[in-house]
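Below is one structure, written out as structure tokens; comments come after it.
Everything numeric in this text was worked out from a predicted model, so none of it was measured. Residue numbers begin at 1 in each chain, while the letters A, B, ... track the order of the sequences.
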There are 2 protein chains.
Amino acid sequence: MSKNNCPLHYTLNLIGTKWKPLILFHLLEGPLRSGVLQKKISGISNKMFTQTVRELEQDGLIAREVFPVVPPKVEYSLTDKGKSLENILRNMDEWGATFYKD
Amino acid sequence: MSKNNCPLHYTLNLIGTKWKPLILFHLLEGPLRSGVLQKKISGISNKMFTQTVRELEQDGLIAREVFPVVPPKVEYSLTDKGKSLENILRNMDEWGATFYKD
DNA sequence: CCGGATCCGTATAGATACTG
DNA sequence: CAGTATCTATACGGATCCGG
């Protein structure tokens, strides 16, 4: 990873991708079951979804809870660190709403 | 591009990458010559830099001005649309400062 | 000289089918 | 239902070359 003198670089290493902010944004309303969350992220592939939530979990932004039932049930939720991104995520959503046509 | 019901998706299509926010952030202070700007983005390759500023220009976030001199001189600056991202960029920088160790 | 275009080898993303 | 395996397509990095 390249070193940079600005903290923004650190932020981008955690959420500077196409999918991570979307996943975090949809978790702002509360925990979601894996399949439900994935369906909300339209266009993401199965592989990228799994890979991305793993990275978010490793970086401490989301928590993963496995319920030992059949059929399998997994829930994702925001950690405190993840919740602290709420302002940024909502700002990005609002900015998009300002310029998005149709 | 996948369709999504939230405007956040639109935002991420414009700035949801590793480099775009960094470039925009460094232009907040004013226009910069191409080489100077690139040096500030530590770790970016020549190819990615050129490609990324082209995309930012096409999306109307930055402006590119070419001076017909020798040696060549090119300056990049934020458009009004680009400037409207200032809050988001500074928030991301501040968030990184909060969690960044060393 | 500076900005950036091109070429090629590697790495990462994406689609699909499959397993417990 | 959640996640993995495999294969293909695309994105990326680095070196090199080019025009002004």
Side-chain angles (χ1 to χ4, degrees), chain A residues 1-4 9 12-24 26-27 30-59 61-79, chain B residues 1-4 8-24 26-27 30-59 61-78:
Chain A
M1 181 206 318
S2 58
K3 226 185 126 357
N4 227 307
H9 201 258
L12 293 171
N13 279 325
L14 297 195
I15 61 165
T17 72
K18 187 176 168 186
W19 301 116
K20 287 181 180 179
L22 276 170
I23 291 177
L24 296 169
H26 286 295
L27 288 175
L32 285 179
R33 193 165 175 169
S34 180
V36 175
L37 176 57
Q38 185 172 349
K39 275 217 185 72
K40 286 178 179 286
I41 317 293
S42 108
I44 196 172
S45 71
N46 206 323
K47 179 187 166 187
M48 280 311 297
F49 178 76
T50 302
Q51 181 179 314
T52 305
V53 290
R54 286 286 182 286
E55 289 175 12
L56 288 170
E57 188 191 6
Q58 283 180 3
D59 292 332
L61 296 175
I62 67 174
R64 178 173 180 268
E65 187 177 8
V66 181
F67 297 85
V69 297
V70 173
K73 177 180 174 181
V74 175
E75 267 193 5
Y76 293 102
S77 60
L78 293 181
T79 62
Chain B
M1 180 206 318
S2 57
K3 224 186 122 5
N4 227 308
L8 176 56
H9 201 257
Y10 169 81
T11 304
L12 292 172
N13 279 325
L14 298 195
I15 61 164
T17 71
K18 186 175 170 187
W19 301 117
K20 288 181 181 179
L22 276 171
I23 291 176
L24 296 170
H26 285 297
L27 288 176
L32 285 179
R33 191 167 176 169
S34 180
V36 176
L37 176 57
Q38 185 173 349
K39 275 216 185 76
K40 286 177 178 287
I41 317 294
S42 109
I44 196 171
S45 70
N46 203 322
K47 183 184 167 187
M48 280 313 295
F49 177 76
T50 302
Q51 182 179 315
T52 306
V53 290
R54 285 287 182 285
E55 289 174 13
L56 288 171
E57 188 191 5
Q58 282 180 4
D59 292 332
L61 296 175
I62 67 174
R64 178 173 181 268
E65 186 177 8
V66 181
F67 297 84
V69 296
V70 174
K73 176 178 172 181
V74 175
E75 268 193 4
Y76 293 103
S77 59
L78 293 181

Which part of the nucleic acid, if any, lies within contact of [X], taking any heavy atom under 4.0 Å across all strands shown: a base, the sugar-phosphate backbone alone, or nothing?
X       : value
B/Val70 : nothing
B/Tyr76 : sugar-phosphate
B/Thr50 : sugar-phosphate

Let me know the distance between [atom1] of [X] and [atom2] of [N], rounded to the nearest Å.
X       : N      : atom1 : atom2 : answer
B/Asn46 : C/dC7  : CG    : C1'   : 14 Å
B/Glu65 : C/dC2  : CD    : C1'   : 16 Å
B/Glu55 : D/dA11 : CD    : C1'   : 11 Å
B/Gln38 : D/dG14 : CD    : P     : 12 Å
B/Ile44 : D/dC12 : CD1   : P     : 10 Å
A/Lys18 : D/dA11 : NZ    : P     : 10 Å
B/Phe49 : C/dC2  : CZ    : C1'   : 12 Å
A/Lys39 : D/dG3  : NZ    : P     : 14 Å

Self-check item: Contact check, side chains of B/Asp59 and B/Lys20, non-hydrogen atoms, under 4.5 Å
Solution: yes
Quiz item: Below 4.5 Å, heavy atoms only, C-beta onward: do B/Ile15 and B/Leu61 meet side chain to side chain?
Solution: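 B/Ile15 reaches B/Leu61 side chain to side chain.
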Quiz item: Given that B/Val69 and A/Arg64 both sit by DNA chain D, which one's nearest nucleotide is further toward the 5' end?
Solution: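 Upstream on the strand: A/Arg64.
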Phosphate OP1/OP2 of [N]: any [X] side-chain N/O under 4.0 Å:
X       : N      : result
A/Ser45 : C/dG14 : no
B/Trp19 : D/dA11 : no
B/Gln51 : D/dA11 : no
B/Lys73 : C/dG4  : no

Quiz item: Between D/dT4, D/dA2, C/dA5, which one does the side chain of A/Arg54 approach most closely?
Solution: D/dT4
Quiz item: Between D/dT4, C/dG14, D/dA2, which nucleotide has the shortest distance from any of its atoms to the side chain of A/Met48?
Solution: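 Within the option list, the nearest is C/dG14.
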Quiz item: Do you know which two heavy atoms are closest between B/Leu27 and B/Ile62, and how far apart they sit?
Solution: CD1-CG2, 3.9 Å
Exercise. Can you see which heavy atom on A/Arg64 is nearest to which on A/Glu57, and at what distance?
Key: CB-OE2, 3.5 Å
Quiz item: Between B/Phe49 and B/Tyr76, what is the ring plane arrangement, given parallel below 30°, perpendicular above 60°, and tilted in between?
Solution: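 Taking B/Tyr76 first and then B/Phe49, their aromatic rings stand perpendicular (interplane angle over 60°).
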Quiz item: DNA chain C: A/Lys47 or A/Pro72, which has the more 5' nearest nucleotide?
Solution: A/Lys47
